> 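Quick one: the structure is below, and I'll ask about it shortly.
Naming: A, B, ... by sequence-line order, numbering from 1 per chain. Nothing here was measured: the structure is a model prediction, and the numbers come from that model.
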Amino acid sequence: MGLPLMMERSSNNNNNNVVELSRVAVSDTHGEDSPYFAGWKAYDENPYDESHNPSGVIQMGLAENQVSFDLLETYLEKKNPEGSMWGTKGAPGFRENALFQDYHGLKTFRQAMASFMEQIRGGKARFDPDRIVLTAGATAANELLTFILADPNDALLVPTPYYPGFDRDLRWRTGVKIVPIHCDSSNHFQITPEALESAYQTARDANIRVRGVLITNPSNPLGATVQKKVLEDLLDFCVRKNIHLVSDEIYSGSVFHASEFTSVAEIVENIDDVSVKERVHIVYSLSKDLGLPGFRVGTIYSYNDNVVRTARRMSSFTLVSSQTQHMLASMLSDEEFTEKYIRINRERLRRRYETIVEGLKKAGIECLKGNAGLFCWMNLGFLLEKKTKDGELQLWDVILKELKLNISPGSSCHCSEVGWFRVCFANMSENTLEIALKRIHEFMDRRRRKEKMIN
Amino acid sequence: MRLIVPLRGVIQGRGGLFVGSLIPCCLFYFLQLYLKRRRPPPSDPTELPRTSSRTNLFSRGNSIGRVRVSSRAVPVAKPSDSPYYIGLERVKTDPYNRITNTDGIIQLGLAESTLCFDLLQRWMSENLMESMMQSDDGEFDISSIAMYKPFEGLLELRVAFADFMSRIMGGNVSFDPSNMVITAGGTPAIEVLAFCLADHGNAFLIPTPYYPGFDRDIKFRTGVELIPVHCRSSDNFTVTVSALEQALNQARKRGSKVSGILFSNPSNPVGNILSRETLQDILRFAQEKNIHVISDEIFAGSVYGDKEFVSMAEIAGSGEFDKSRVHIIYGLSKDLSIPGFRAGVIYSFHEDVVNAAKKLMRFSSVPVPVQRILISLLSDVRFIEEYMTAHRQRIRDKHIRFVEGLKQLGIPCAESGGGLYCWVDMSSLLTSYSEKGELELFEKLLTAAKINATPGTACYCIEPGWFRCCFTALADEDIPVIMERIRQLRESSRS
């Protein structure tokens with residue numbers, strides 16, 4: 001599990017004069033043949049549109065945040081757009097902008113990011129702008145960290161269920177393996193010390209060197225924050241094994257109630273011992289909380305000087321456009337705006353979450369109790385004919401073809417229990433969400449009637 | 001092993017006391033030994049026992065091992081010993097400014113052009129907001145720039161790039177947008193190609209002298225080696241098939257697998273334009289050996305000489321060769337003077353390479369708002385014509401001045417027709433005709449003359465004394481200042 005799949009390369013036959021490609025190029029570790037992505041294809045071919053295609057496929061497999069677009073639009077339109085383009089200098093700032101390609105990143109932008117990250121954590125942790133390394137998105141940040149922390153054939157431990165993209169982002173070019181830390185619904189999929197130990201042992205038994213643990217907090221796909229005690233246990237574990245701890249906190253601003261989120265930064269804040277701190281690294285991005293995935297802005301925040309230096313240099317392969325840095329620096333430093341944005345965004349996500357969970361409940365479907373993110377973790381185990389991965393995929397296919405809803409099956413997230421599905425709710429209008437819920441209701445009604453007839 | 005010192009039994013009598021304590025001691029120690037041998041070794045020698053008190057553990061200090069980074073990360077953070085990077089760093093400490101710091105170090109080590117900033121600035125102030133924020137109905141719709149878009153670049157941008165590249169490369173070659181992938185700069189473009197065409201431990205042949213940045217761009221993470229193919233001033237540093245053949249054979253003898261040839265055209269650092277015949281020779285050689293060809297054409301629009309620029313794409317499209325082995329790199333950092341924007345291109349005739357590169361773009365894509373600006377910029381045909389004409393003319397003028405200034409000092413340059421620099425023969429200033437002599441001159445130029453020029457050693461040039469001097473960020477007034485400093489350096493060396 002979690003081992004990279006490699007296609008057999010066609011035999012290198014110089015007689016045919018067909019030029020050879022690398023293993024990276026021919027491998028299918030990009031994972032784009034999995035159901036997670038197949039559903040997207042179905043959506044692309046028949047996308048739902050409120051007016052033009054009301055019976056099309058509704059995309060509930062993409063974790064995108066569109067609920068607060070109006071706030072961004074208003075800000076960008078009204079608040080001195082010219083200035084925000086080039087920073088405080090206005091158009092004359094163009095000269096520096098055009099030439100600036102320093103991998104240190106714009107100081108003003110790093111300061112703005114640090115301040116934004118502090119605000120999200122309610123000031124419970126401080127961030128030093130000089131420890132921020134900018135990358136073109138969190139995808140690049142996770143890959144970069146993996147290159148730095150692990151060698152080919154080493155492993156990172158990742159709790160299941162996890163974001164399907166990790167199989168590609170952490171393994172494809174890096175050659176690093178993922179060893180899963182199995183979590184299950186008996187304790188709401190929280191990571192236990194036993195599960196950690198077991199994963200570590202599994203790796204050791206296979207002669208694989210473990211270099212770190214990578215968690216997502218709040219979790220994707222669970223839509224729930226990681227408890228403070230679990231974070232402490234994790235850090236404890238990493239210290240004992242002398243490995244790294246990476247916390248992908250890309251959804252930290254999407255926690256419905258700020259008080260329910262504990263960042264690993266808060267834990268580290270109270271620790272003086274460098275040998276403990278320097279194994280902790282945080283990944284963040286503006287793609288989810290700020291709803292700007294198109295801007296490609298991610299960061300690595302590391303408490304390890306060597307990692308910061310190395311990541312900075314490696315970020316030449318994934319720099320953020322200077323123009324984008326300028327534009328966002330002024331927006332993120334505007335504390336009045338960011339405070340308002342964070343507050344309203346949380347509130348709207350919470351309401352969406354409640355709408356979907358209530359709607360599903362009325363249809364007789366339970367979800368994991370969540371408190372964050374752009375999705376809910378839905379339990380359809382009771383609908384499975386066969387309690388197997390195939391059974392789950394069959395149900396997924398029915399939901400895609402009959403209900404025209406693209407949701408993500410738990411097996412694509414490596415969930416050890418079958419029947420769970422991730423359903424995104426923030427990338428559509430409220431109307432569309434109602435339509436989706438209606439389709440689910442109708443489906444469940446049809447099933448109940450069918451069952452009655454059979455009985 | 002915990003040593004337990006047994007309590008001596010209280011036994012009556014001297015002998016008894018002795019025996020009574022010795023025997024239990026021995027037994028005890030043998031028991032300890034036996035138990036130790038039976039206990040399994042700890043799975044990780046550095047693992048610490050679990051403690052119930054968390055704060056105690058975290059405050060243990062020295063007993064916790066320092067966590068390590070990967071072995072491939074180690075060389076990345078080391079300070080570079082290449083004069084290319086050393087020179088760039090030194091300029092930062094004391095940069096020349098013709099008003100505020102006339103004694104500062106003049107930067108001739110960075111291939112960037114500011115010659116047409118006035119034109120770009122004008123365009124940006126007139127068009128930037130509109131090009132980024134506009135939607136179909138004229139209203140600003142944030143979803144047009146905020147949402148996920150295909151990582152390989154919007155179709156409109158690839159179309160605009162295809163058209164732009166065709167124009168600046170002489171109009172004899174057309175580019176198909178579906179063979180194109182847009183990257184966050186030329187740096188990721190070359191790395192992604194290396195990842196796709198070669199495995200860890202394989203190699204590319206690369207004619208020298210070559211751009212020092214390739215060492216990092218290619219070696220850092222891919223593990224692909226660069227094998228230099230030495231070129232000589234007698235050929236104006238143009239690569240020959242016999243040199244390629246020799247390098248390939250030597251590589252094979254060493255057990256090195258060569259996956260392709262990488263070269264730049266216009267070449268960096270020499271600035272020469274490869275002839276049609278040379279390009280054909282290279283492609284023919286690659287076909288014979290069944291390897292790839294990567295042509296870095298990032299300076300294609302910065303051609304100022306009389307020689308015509310021919311893209312490898314044109315040769316590949318001629319039908320004479322198998323084009324699936326041809327890959328082109330391009331970008332806007334040099335020709336359009338916007339390295340900060342980060343916009344590069346991988347153009348490949350191999351469908352699988354394009355597909356793999358598209359998927360890898362998730363790690364290095366261009367922000368959507370920037371793409372919209374670029375679509376607008378590259379599609380503004382009238383502006384592009386005006387810009388490219390001025391760009392070429394101004395480089396030409398500056399080149400003439402710079403080369404003339406050096407000529408007055410008796411310092412010749414290699415023949416060049418493109419790029420933002422010239423390849424200068426400073427061998428007459430060397431105290432010894434060797435790499436050592438060249439590095440000494442580099443240091444003297446930097447410290448005494450306060451000029452940063454990139455020495456040939458950093459570019460793996462086999463003949464000592466050559467330096468790359470970038471002149472496209474200089475004002476006309478700066479040139480006599482530079483020449484005077486070189487003249488003084490020479491005077492002081494003679495005395």
> Using non-hydrogen atoms only, which part of B:Ser143 is less than 4.5 Å away from chain A: side chain, backbone, both, or neither?
both
> What part of A:Ser315 gets closer than 4.5 Å to chain B, counting heavy atoms only: side chain, backbone, both or neither?
neither
> Please state whether the side chain, the backbone, both or neither of A:His244 comes within less than 4.5 Å of a heavy atom of chain B.
both
> Measure A:Asn270 against the heavy atoms of chain B and call it side chain, backbone, both or neither at under 4.5 Å.
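Nothing of A:Asn270, per the 4.5 Å heavy-atom cut-off to chain B.
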> List the atom of A:Gly294, the atom of B:Pro369, and the distance in Å for their closest heavy-atom pair.
O-CD, 4.0 Å
> Where does A:Ser287 contact chain B at under 4.5 Å (heavy atoms): side chain, backbone, both or neither?
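Only the side chain of A:Ser287 comes within 4.5 Å of chain B.
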> By a 4.5 Å heavy-atom criterion (distance strictly below it), what part of A:Leu62 contacts chain B: side chain, backbone, both, or neither?
side chain
> By a 4.5 Å heavy-atom criterion (distance strictly below it), what part of A:Leu292 contacts chain B: side chain, backbone, both, or neither?
both
> Apply side-chain hydrogen bond (donor to acceptor under 3.5 Å, both in side chains) to B:Arg325 and list each qualifying residue two or more places apart in sequence or on a separate chain.
B:Asn290, B:Asp322
> Ignoring hydrogens, what is the shortest heavy-atom contact between A:Pro293 and B:Ala146? Give both atom names and the distance.
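Looking at all heavy atoms of both residues, the closest pair is CD-O, 3.0 Å.
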> Which atoms of A:Gln66 are under 4.5 Å from chain B, going by heavy atoms: the side chain, the backbone, both sets, or neither?
side chain
> What part of A:Val297 lies closer than 4.5 angstrom to a heavy atom of chain B: side chain, backbone, both or neither?
neither
> With a 4.5 angstrom heavy-atom cut-off, could you sort out which part of A:Arg173 is near chain B: side chain, backbone, both or neither?
both
> Taking B:Arg72's backbone N and O only, do any of them form a donor-acceptor pair with A:Asp151's side chain (distance below 3.5 Å, no angle check)?
yes
> The criterion is salt bridge (Lys or Arg N to Asp or Glu O under 4.0 Å); which residues satisfy it with B:Lys219, sequence neighbours excluded?
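Only B:Asp215 meet the salt bridge (Lys or Arg N to Asp or Glu O under 4.0 Å) criterion with B:Lys219.
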